[in-house]
Amino acid sequence: MIRLAIQKSGRLSEDSLKLIRECGISFISTTSKLKTEATNFPLEILFLRDDDIPGYVADGVADIGIVGQNVLVEEGLQQLSVKNLGFSKCRLSLAVSKGAEYHDVTTLQGKSIATSYPNLLQEFLTSKGVEADIHTISGSVEIAPSIGLADAVCDIVSSGSTLISNGLREVETVFKSEAVLIANQNLDQEKNRLLQQLLFRMEAVQKAQKSKYVVLNAPNSAIPQIKPLLPGIKSPTIIPLAEEGWSSLHSVVNEDDFWDIIQKLKEAGAEGILVVPIEKMIG
Ligand SMILES: Nc1ncnc2c1ncn2[C@@H]1O[C@H](COP(=O)(O)OP(=O)(O)OP(=O)(O)O)[C@@H](O)[C@H]1O
Ligand SMILES: O=P(O)(O)OC[C@H]1O[C@H](OP(=O)(O)OP(=O)(O)O)[C@H](O)[C@@H]1O
Ligand SMILES: [Mg+2]
């Protein structure tokens with residue numbers, strides 16, 4: 001049995017649970033129960049406050065966990081990181097009052113800054129040669145300038161709407177973050193085997209999410225032009241259509257190049273292009 005710690009409730013919770021389910025692992029989760037066992041994989045899930053997750057994994061109370069890089073690095077435990085998970089993307093940023101004068105980071109020299117991330121902030125300020133007075137508070141950081149607690153804040157930003165609602169202006173990015181899978185560094189052989197199985201499944205899920213299955217029809221004369229646009233996993237499948245002189249091509253396309261490729265396929269004479277999501281992708 002391997003023990004996984006995830007956030008009980010917050011910005012990491014939903015996608016963490018979704019990822020485990022996409023790995024084909026079933027479990028019953030209720031908001032009141034802080035521990036659950038998977039029904040079809042030797043996995044126990046603990047639901048915790050996110051700040052506690054790196055420490056629990058470092059101490060071996062949990063074997064693996066999902067947490068934001070911001071929390072992991074703030075706690076000085078980045079060595080536990082095993083895999084970037086691509087969700088809960090956000091940044092730790094410095095912000096000042098909307099109307100405040102700000103030229104560059106040296107504007108903050110001697111100023112007071114409220115944050116829940118004193119270590120990440122201190123490291124950033126030191127790298128810029130700036131000395132400031134850091135006020136560590138555990139939440140509602142964005143309120144600090146308006147109540148006279150600090151001149152600036154350093155907090156998590158995603159859409160930026162929390163900053164705007166609180167009359168603040170983002171001025172510097174201190175750290176970029178996403179969710180990561182972390183693991184205890186002394187897992188026994190059996191737990192390590194289970195971790196490798198989970199990683200294998202997570203990679204299949206991630207690859208599939210980045211890819212689309214494309215099916216299209218084309219006149220045979222257009223195939224030499226279309227084929228190099230669809231390298232797929234190895235090369236496209238080409239099947240003759242019932243209509244003489246036409247074929248159907250099947251392939252996998254990376255999401256990043258997707259629209260560009262579709263445009264080129266149309267120009268090359270492709271018709272009836274179908275794009276289908278892929279659930280898992282192995283190899
Ligand atoms: N607005 C956001 N968009 C995307 N990711 C975010 C956002 N805010 C925070 N995160 C990421 O999700 C993590 C958890 O954020 P959340 O706000 O739920 O934490 P919290 O309030 O400290 O939760 P807890 O009650 O578990 O201590 C953060 O450490 C960060 O990595
Ligand atoms: O840039 P935005 O999209 O507005 O997101 C940023 C906000 O999101 C997080 O808080 P959350 O809403 O999770 O609440 P919390 O303060 O209770 O953690 C973070 O602490 C910011 O306050
Ligand atoms: Mg927290």
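Remember, it's 1-based here, ligands and their atoms both numbered in the order they're listed.
Annotation: atom 2 (P) of ligand 2 to nearest protein heavy atom, Ser159 OG, 3.4 Å. The closest protein non-hydrogen atom to atom 14 (C) of ligand 1 is Asp50 OD2, 3.3 Å.
With salt bridges taken as basic N to acidic carboxylate O contacts below 4.0 Å, one links Arg3 and Glu44. In this structure, Arg201 does not pair ionically with Glu22, as no charged nitrogen and carboxylate oxygen lie closer than 4.0 Å. Electrostatic pairing of Glu172 and Lys128 does not count as a salt bridge here, judged by no charged N lying under 4.0 Å from a carboxylate O. Ion pairing between Lys264 and Glu267 fails under the 4.0 Å rule for side-chain N and carboxylate O.
There is a protein heavy atom less than 4.0 angstrom from atom 1 (N) of ligand 1. Of the protein's heavy atoms, at least one falls inside 4.0 Å of atom 5 (O) of ligand 2.
Taking a 6.0 Å sphere around CD of Gln78, one finds it holds more than 12 heavy atoms contributed by other residues, nucleotides or ligands.
Residue Gly10 has at least one heavy-atom neighbour below 4.0 Å for each of these atoms of ligand 1: 18 (O). Close approach to Gly68 involves these atoms of ligand 1, each under 4.0 Å from a residue heavy atom: 31 (O). Close approach of ligand 2 to Asp155 (heavy-atom distance below 4.0 Å) involves ligand atoms 20 (O), 22 (O). Each of the following atoms of ligand 1 lies closer than 4.0 Å to a heavy atom of Val71: 29 (O). Atoms of ligand 1 lying under 4.0 Å from at least one heavy atom of Ile156, given by number and element, are 7 (C), 8 (N), 9 (C). Heavy-atom proximity to Cys90, at under 4.0 Å, picks out these atoms of ligand 1: 4 (C), 5 (N), 6 (C), 10 (N), 11 (C), 30 (C), 31 (O). In summary, the atoms of ligand 1 found under 4.0 Å from a heavy atom of Ser158, numbered by their order in the structure, are 1 (N), 2 (C), 3 (N).
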Could you walk me through whether Arg91 and Glu170 pass the salt bridge (Lys or Arg N to Asp or Glu O under 4.0 Å) test, one step at a time? CA-CA 11 Å; Arg91 55 195 185 274; Glu170 188 175 359; 2.7 Å; yes

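Only the side chain of Asn70 comes within contact range of ligand 1, with a heavy atom under 4.0 Å; no backbone atom does.
Between the side chain of Ser97 and the backbone N or O of Gly99 there is no donor-acceptor pair closer than 3.5 Å. Within the 3.5 Å criterion, the main-chain N or O of Asn70 finds a donor-acceptor partner in the side chain of Ser177.
Atom 7 (C) of ligand 2 has its nearest heavy-atom neighbour, among Leu92, Thr162, Val157, Leu12, in Thr162. For atom 15 (O) of ligand 1, the nearest non-hydrogen atom from the set Arg49, Lys89, Glu178, Arg11 belongs to Arg11. Between Glu142, Arg91, Arg11, it is Arg11 that holds the heavy atom closest to atom 12 (O) of ligand 2. Nearest to atom 16 (P) of ligand 1 by heavy-atom distance, out of Gln7, Arg91, Lys8, Glu74, is Gln7.
A donor-acceptor contact under 3.5 angstrom links the side chains of Asn119 and Glu74, judged on distance only. No hydrogens or angles considered: nothing links the side chains of Glu123 and Ser127 as a donor-acceptor pair under 3.5 Å.
Atoms CD and OG, on Glu14 and Ser9 in that order, are 11.0 Å from each other to the nearest 0.5 Å. Between the CG atom of Leu241 and the OG atom of Ser248 there is a distance of 5.5 Å, given to the nearest 0.5 Å.
Taking 4.0 Å as the cut-off, Gly10 does not count as a neighbour of ligand 2 on heavy-atom distance.
In terms of distance to the Mg ion (ligand 3), the nearest N, O or S atom of Asp51 is named OD1.
Taking any N or O of Gly160, backbone or side chain, at least one lies under 3.5 Å from an N or O belonging to ligand 2.
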